[in-house]
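Computed over heavy atoms, backbone and side chain alike; hydrogens, waters and symmetry mates excluded. Note that the structure is a prediction, hence the values are computed from the model and not measured.
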Amino acid sequence: MDFIIAETLKAVNALYQTQLAENDINLQQTRKEFEGQATIVTFPFTRFSKKSPEVTGNELGEYLQQHVSQIASFNVVKGFLNISLKDEHWIDLFKQNVSQADYGSIPSKGRKVMVEYSSPNTNKPLHLGHVRNNLLGFSVSEILAAAGYEVIKSNLVNDRGIHICKSMLAWQKFGNGETPESAGLKGDHLVGKYYVIFDKEYKKQIDELKEKGLAEEQAKKEAPLIREAQQMLQQWEAGDEQVRSLWSKMNSWVYAGFESTYKKLGVSFDKFYYESNTYLLGKDIIQEGLDKGVFFKKDDGSVWIDLTADGLDEKLVLRADGTSVYITQDLGTAQLKYNDFRMDDSIYVVGNEQDYHFKVLFLILDKLGKSWAKGLYHLSYGMVDLPSGKMKSREGTVVDADDLINEMIETARQRTEELGKTEGFNTDEKDALYRMIGMGALKYFLLKVEPKKRLLFDPNESIDFQGHTGPFIQYTHARIKSVLNKASFNVDNASFPDELTATERDLIIELGNFGKLIEAAAADHSPAIIANYVYDIAKLYNRFYHEETILKADDERVKNFRLLLSFSTANVIKKGMNMLGIEVPERM
RNA sequence: GCGCCCAUAGCUCAGCUGGAUAGAGCAACGGUUUUCUAAACCGUCGGUCUCAGGUUCGAAUCCUGAUGGGCGUACCA
């Protein structure tokens, strides 16, 4: 439809001797209650046409109809010029473009982008919040790849620190040598169990100390368990063999557990970074910043940056004792990633509680004169909350990722069996189908919402399988495949009609927007755009499916055309869903 | 205190760079299957787009302020 803009520019120039730019033309899809497919808003033109919006619209319409062969007719409603294009034009768009097997592929942009996501702590299993992160990161990676970027998916594993020592210490004290095998627990769940035990015992000690008259703050600092954990961290940093060996053992349990969860989620990574390797990085950057006068040193030896001119605060970048803080490592890690890959852009998928941190991080790198700093982007997403409030691992008020996944698959199994749709499936096929549908429901549920919005999840209300959901779209795909199979569809038999029904036209137009939507989703880092688009396509197709008959169409040309239209729709649905990390079944 | 984010139907969400009478799903009610998969389709009901100003031919969308909610503002990560 874009050619209309160019033609309108010519028309405005011819009629009103005014040279406009492309951006000055407001072209949109005609609302369905009016006739036409393309609408130009004519209000802005009245400034130089010196005529009413209606008259201006009519003059433009006349001109365009005379000069543009694809235009069939036009009508003017107030300041809106509605243009109907000939069916020939839409059929041509379908033939040349939409129906092609590679439709929706965008040529390489020659840009490399890193997407860092997941980045778990190795002291507890993944919960629903992590699931949102993982699905977002994976989906954004797929969308960027579809939009022609070279994508590197990375995962910065937080495998060291005081929280890890807490689990280790609790296991050492209360574990009696328990292993994932002996406990019959996934490794990450076993380690998480001891993280919770630590917290429970720690609280006990705090209460005891408080009874002895200590203030809360002091009790928290002096409880023997926390002291031991801190000591263990020091031993870890000193390379103490026993501590390191316990650490390796427990982390390996966790990794085995994560691997299984990642697999079920269908996410993957090209590059792992581990904080145990990167936590000392960044000190050379501190020196660089001091040399450049970006940072300054206080009397106690701590290093700071003054960001008050940018509306932020003074920020510590190195402790007085010379050790790193969080941002020190992140400065170093950012440099490391750039040295490794020389990417043009780098996206961090991290929750919105760290908005301030990333603002500061990117600003500092920019002030240090890093040329690549402008390519850094924080994909900030809202927390997943329960009706009872925030999820807290230590207090056990979390929706566990593995549990949720299993429940979704189980629900999918029940629904499918109730509907009696498993005829002709063997056991493996059934399992694959249930997994596909259950995960489709979960993933779609999480991805259809704009990332930055917070998400409320009520464990008592199961995730829907009907309506605006993943399974609805999957069902539409399976339905199409079923028709195509019945017809023994072959692309080579394609034929095209002389005219279109309204629904066929709507479907072609919407399918024609695919590329534009991929670009928009990539630019906004928003899977929600793809999710809502694919839903619109599925909905339109179902309307078409009910209104028109395909296999029994009177005219063989129409039949073959509708088959090809169905095929093309399935193609877009599949590609779109794959960008969300959702698979679509051949039948269900 | 200061900073950032959010607010659209009873509930969950769309609404493209400002454009026509603000759209879906769920829930409720009614209809559609001798015909390609009813996880579907069609219809009814449901709105002061949190509030108050402003900019504009035109505001859910932009600006200012207020209210409500979330987050941050650590020599934690």
Side-chain angles (χ1 to χ4, degrees), chain A residues 23 26 28-34 39 41-44 46-47 53 77-80 82 121 158 161-163 275 279 298 300-304 311-313 315-321 323-327 329-330 351-357 359 380 382-383 385 389-390 412 415-416 418-419 421 437 441 445 448-450 452-456 458 461 464-476 478-487 513 516-517 520 524 528-529 531-533 535-536 538-539 541-553 562-563 566 587-588:
Chain A
N23 284 340
N26 190 334
Q28 46 194 279
Q29 254 169 258
T30 305
R31 298 179 65 109
K32 58 175 174 285
E33 58 265 42
F34 300 97
T39 293
V41 184
T42 60
F43 288 106
T46 56
R47 212 182 43 218
V77 182
K78 291 193 272 182
F80 300 91
N82 301 319
N121 292 343
N158 187 347
I162 189 72
H163 48 288
E275 281 199 18
Y279 81 106
K298 288 195 177 174
D300 64 1
S302 58
V303 181
W304 297 73
L312 305 175
D313 304 315
K315 180 86 185 169
L316 176 95
V317 293
L318 193 72
R319 290 196 187 100
D321 64 7
T323 58
S324 302
V325 287
Y326 181 44
I327 203 156
Q329 301 176 38
D330 267 7
N352 64 8
E353 74 237 317
Q354 295 196 32
D355 285 355
Y356 184 76
H357 170 76
K359 209 178 208 177
S380 166
M383 297 289 100
D385 291 326
K390 214 176 163 175
R415 294 292 165 89
T416 308
E418 278 167 24
L419 291 168
K421 297 226 173 185
I437 295 173
F445 175 80
K448 77 171 178 185
V449 182
E450 276 301 316
K452 73 176 167 187
K453 296 207 175 173
R454 78 188 254 275
L455 205 56
L456 192 75
D458 188 345
E461 276 180 48
D464 280 332
F465 284 67
Q466 287 172 352
H468 189 177
T469 66
F472 166 73
I473 299 165
Q474 290 172 318
Y475 169 76
T476 306
R479 197 179 217 189
I480 293 172
K481 287 296 168 155
S482 166
V483 177
L484 295 177
N485 282 333
K486 282 222 163 93
N513 290 332
K516 209 167 68 186
L517 268 292
D524 286 4
I529 291 178
N532 286 301
Y533 171 73
Y535 172 69
D536 287 341
K539 202 160 165 48
Y541 182 83
N542 278 300
R543 202 174 85 207
F544 161 75
Y545 181 92
H546 274 267
E547 284 178 5
E548 318 294 350
T549 126
I550 301 169
L551 297 178
K552 291 179 182 163
R562 287 182 180 164
L563 284 170
S566 300
R587 55 197 176 123
M588 71 183 266

K.L.:
Pairing check on rA28(B): which nucleotide meets the Watson-Crick or G-U wobble criteria with it, both distances under 3.5 Å?
P.N.:
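Paired with rA28(B), as far as the under-3.5 Å criterion goes, is rU44(B).
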
K.L.:
Give a yes/no verdict on a cation-pi contact between Lys298(A) and Trp304(A), requiring under 6.0 Å between NZ or CZ and the six-membered ring centre and an angle within 45° of the axis.
P.N.:
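Judged by the rule (NZ or CZ under 6.0 Å from the ring centre, within 45° of its axis), Lys298(A) counts as positioned above Trp304(A).
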
K.L.:
For rA39(B), does either OP1 or OP2 sit under 4.0 Å from a side-chain N or O belonging to Lys421(A)?
P.N.:
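For Lys421(A), the contact criterion (side-chain N or O under 4.0 Å from OP1 or OP2 of rA39(B)) is met.
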
K.L.:
If I pick the P atom on rU64(B) and the same atom on rC4(B), what distance separates them, to the nearest angstrom?
P.N.:
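After rounding to an integer number of Å, I get 10 Å for this pair.
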
K.L.:
Write down the atom of Met588(A), the atom of Gln474(A), and the distance for their closest heavy-atom approach.
P.N.:
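Looks like SD-C, 3.6 Å.
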
K.L.:
Could you tell me if Tyr541(A) and Ser566(A) have a donor-acceptor pair between their side chains, going purely by distance under 3.5 Å?
P.N.:
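Their side chains do contain a donor-acceptor pair, which is all the 3.5 Å distance test asks for.
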
K.L.:
On a whole-Å scale, what distance lies between the C1' atoms belonging to rA28(B) and rA9(B)?
P.N.:
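Looking at atom C1' only, rA28(B) and rA9(B) are 13 Å apart.
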
K.L.:
Taking atom P of rA40(B) as reference, at what distance in whole Å does atom CG of Leu419(A) sit?
P.N.:
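Nearest whole value for this atom pair: 10 Å.
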
K.L.:
Could you work out which one of rA40(B), rU37(B), rA24(B) sits closest to the side chain of Val483(A)?
P.N.:
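From the listed options, rU37(B) comes nearest.
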
K.L.:
Would you mind classifying the nucleic acid contact of Ile437(A) as base, sugar-phosphate or nothing, using non-hydrogen atoms under 4.0 angstrom?
P.N.:
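Base: the residue Ile437(A), judged by heavy atoms under 4.0 Å, touches a nucleobase.
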
K.L.:
Does Thr469(A) make a side-chain donor-acceptor contact with the base of rA39(B), cut-off 3.5 Å?
P.N.:
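Between rA39(B) and Thr469(A), which were checked side chain against base, a qualifying N/O pair under 3.5 Å is absent.
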
K.L.:
Could you check Tyr535(A) against His163(A) and say which one's nearest nucleotide on RNA chain B is further toward the 5' end?
P.N.:
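On the 5' side of the pair lies Tyr535(A).
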
K.L.:
Which pair of non-hydrogen atoms, one from Arg587(A) and one from Ala478(A), has the smallest distance, and what is that distance?
P.N.:
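Looking at all heavy atoms of both residues, the closest pair is CA-CB, 3.6 Å.
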
K.L.:
Rounding to the closest angstrom, what is the interatomic distance between rA60(B) and rU8(B) at atom C1'?
P.N.:
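Rounded to whole Å, the distance is 7 Å.
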
K.L.:
Which pair of non-hydrogen atoms, one from Lys448(A) and one from Ala531(A), has the smallest distance, and what is that distance?
P.N.:
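Scanning both residues, the minimum pair turns out to be CA-CB, 3.9 Å.
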
K.L.:
Tabulated below should be each protein N or O lying under 3.5 Å from an N or O of nucleotides 71-75 of chain B; please produce it.
P.N.:
unit_1  : atom_1 : unit_2    : atom_2 : d
rU73(B) : O2'    : Asp313(A) : OD2    : 3.1
rC75(B) : O2     : Ala320(A) : N      : 3.4
rC75(B) : N4     : Asp300(A) : OD2    : 2.2
rC75(B) : N4     : Ser302(A) : OG     : 3.4

K.L.:
Can you tell me the Watson-Crick or wobble partner of rU17(B), both distances under 3.5 angstrom?
P.N.:
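Answer to the pairing question: none, since rU17(B) forms no Watson-Crick or G-U pair.
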
K.L.:
Going by distance alone, is a donor N or O of one side chain under 3.5 Å from an acceptor N or O of the other, for Gln354(A) and Tyr326(A)?
P.N.:
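On atom types as modelled, these side chains qualify, holding a pair under 3.5 Å.
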
K.L.:
Both distances below 3.5 Å, Watson-Crick or wobble geometry, any strand: find the nucleotide opposite rU64(B).
P.N.:
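Check on rU64(B): paired to rA52(B), both distances under 3.5 Å.
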
K.L.:
Return yes if some donor-acceptor pair links the side-chain N/O of Asp300(A) with the main-chain N/O of Ser302(A) below 3.5 Å, else return no.
P.N.:
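Judged by distance alone, yes, a pair lies under 3.5 Å.
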
K.L.:
Between Phe472(A) and Tyr535(A) (judged by ring centroids, cut-off 6.0 Å), do the two rings come close enough to count as a pair?
P.N.:
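Between Phe472(A) and Tyr535(A), the centre distance is under 6.0 Å.
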
K.L.:
Enumerate all atom pairs, one protein N or O and one N or O from nucleotides 13-20 of chain B, separated by less than 3.5 Å.
P.N.:
unit_1  : atom_1 : unit_2    : atom_2 : d
rA14(B) : OP1    : Glu450(A) : N      : 2.8
rA14(B) : OP2    : Lys453(A) : NZ     : 3.0
rG19(B) : N7     : Asn26(A)  : ND2    : 3.2
rA20(B) : OP2    : Arg31(A)  : NH1    : 2.9
rA20(B) : N6     : Thr39(A)  : OG1    : 3.0
rA20(B) : N6     : Asn82(A)  : OD1    : 2.9
rA20(B) : N1     : Asn82(A)  : OD1    : 3.3
rA20(B) : N1     : Asn82(A)  : ND2    : 3.3

K.L.:
Determine the Euclidean distance between corresponding C1' atoms of rG1(B) and rC45(B); express it in Å to zero decimal places.
P.N.:
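Each nucleotide's C1' atom is 48 Å from the other's.
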
K.L.:
Categorize Thr476(A) for me: base, sugar-phosphate, or nothing, with a 4.0 angstrom heavy-atom threshold over every strand shown.
P.N.:
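The answer is nothing, as Thr476(A) stays clear of every strand by at least 4.0 Å.
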
K.L.:
Any salt bridge between Arg31(A) and Glu33(A), counting N to O under 4.0 Å?
P.N.:
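Yes.
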
K.L.:
Output the rounded distance in Å from CZ (Arg543(A)) to C1' (rU32(B)).
P.N.:
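Distance check: Arg543(A) CZ to rU32(B) C1' gives 17 Å.
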
K.L.:
Is there a Watson-Crick or G-U wobble partner for rG58(B) with both distances under 3.5 Å, and which nucleotide is it?
P.N.:
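Base-paired to nothing in any strand shown.
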
K.L.:
Under 3.5 Å for both donor-acceptor distances, Watson-Crick or wobble: does rA9(B) have a partner, and if so which one?
P.N.:
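rA9(B) is unpaired by these criteria.
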
K.L.:
I want to verify a distance call: between rC41(B), rU37(B), rC5(B), whose nearest atom is closest to the Tyr475(A) side chain?
P.N.:
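Looking only at side-chain atoms, Tyr475(A) lies closest to rU37(B).
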
K.L.:
Compute whether any side-chain donor of one residue and acceptor of the other, for Arg479(A) and Asn542(A), lie under 3.5 angstrom apart.
P.N.:
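Yes, side-chain donor-acceptor contact under 3.5 Å.
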
K.L.:
How close or far is atom C1' of rC42(B) from atom CZ of Phe544(A), stated in whole angstroms?
P.N.:
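Answer to the nearest Å: 17 Å.
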
K.L.:
Looking at the side chain of Pro471(A), which of rC42(B), rA39(B), rA40(B) is the nearest nucleotide?
P.N.:
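Taking heavy atoms from C-beta onward, the closest nucleotide is rA39(B).
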
K.L.:
Locate the shortest heavy-atom distance separating Lys359(A) from Leu312(A); write the atom from each residue and the value.
P.N.:
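It is CD-CD2, 4.2 Å.
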
K.L.:
Using a heavy-atom cut-off of under 4.0 Å over every strand shown, decide if Glu418(A) touches base, sugar-phosphate, or nothing.
P.N.:
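Nothing, no heavy atom under 4.0 Å.
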
K.L.:
Write down the partner of rC2(B) under the Watson-Crick or G-U wobble criteria, each distance required to be under 3.5 Å.
P.N.:
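Per the H-bond distance test, rG72(B).
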
K.L.:
For rG18(B) versus rU56(B), give the span between their C1' atoms, rounded off to a whole number of Å.
P.N.:
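One C1' to the other, the span is 9 Å.
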
K.L.:
For Asp464(A) and Thr469(A), which I'm curious about, is there any donor-acceptor pair between the side chains at under 3.5 Å?
P.N.:
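On atom types as modelled, these side chains do not qualify, holding no pair under 3.5 Å.
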
K.L.:
Collect all protein-nucleotide pairs involving nucleotides 43-47 of chain B in which both atoms are nitrogen or oxygen and the distance is under 3.5 Å.
P.N.:
none

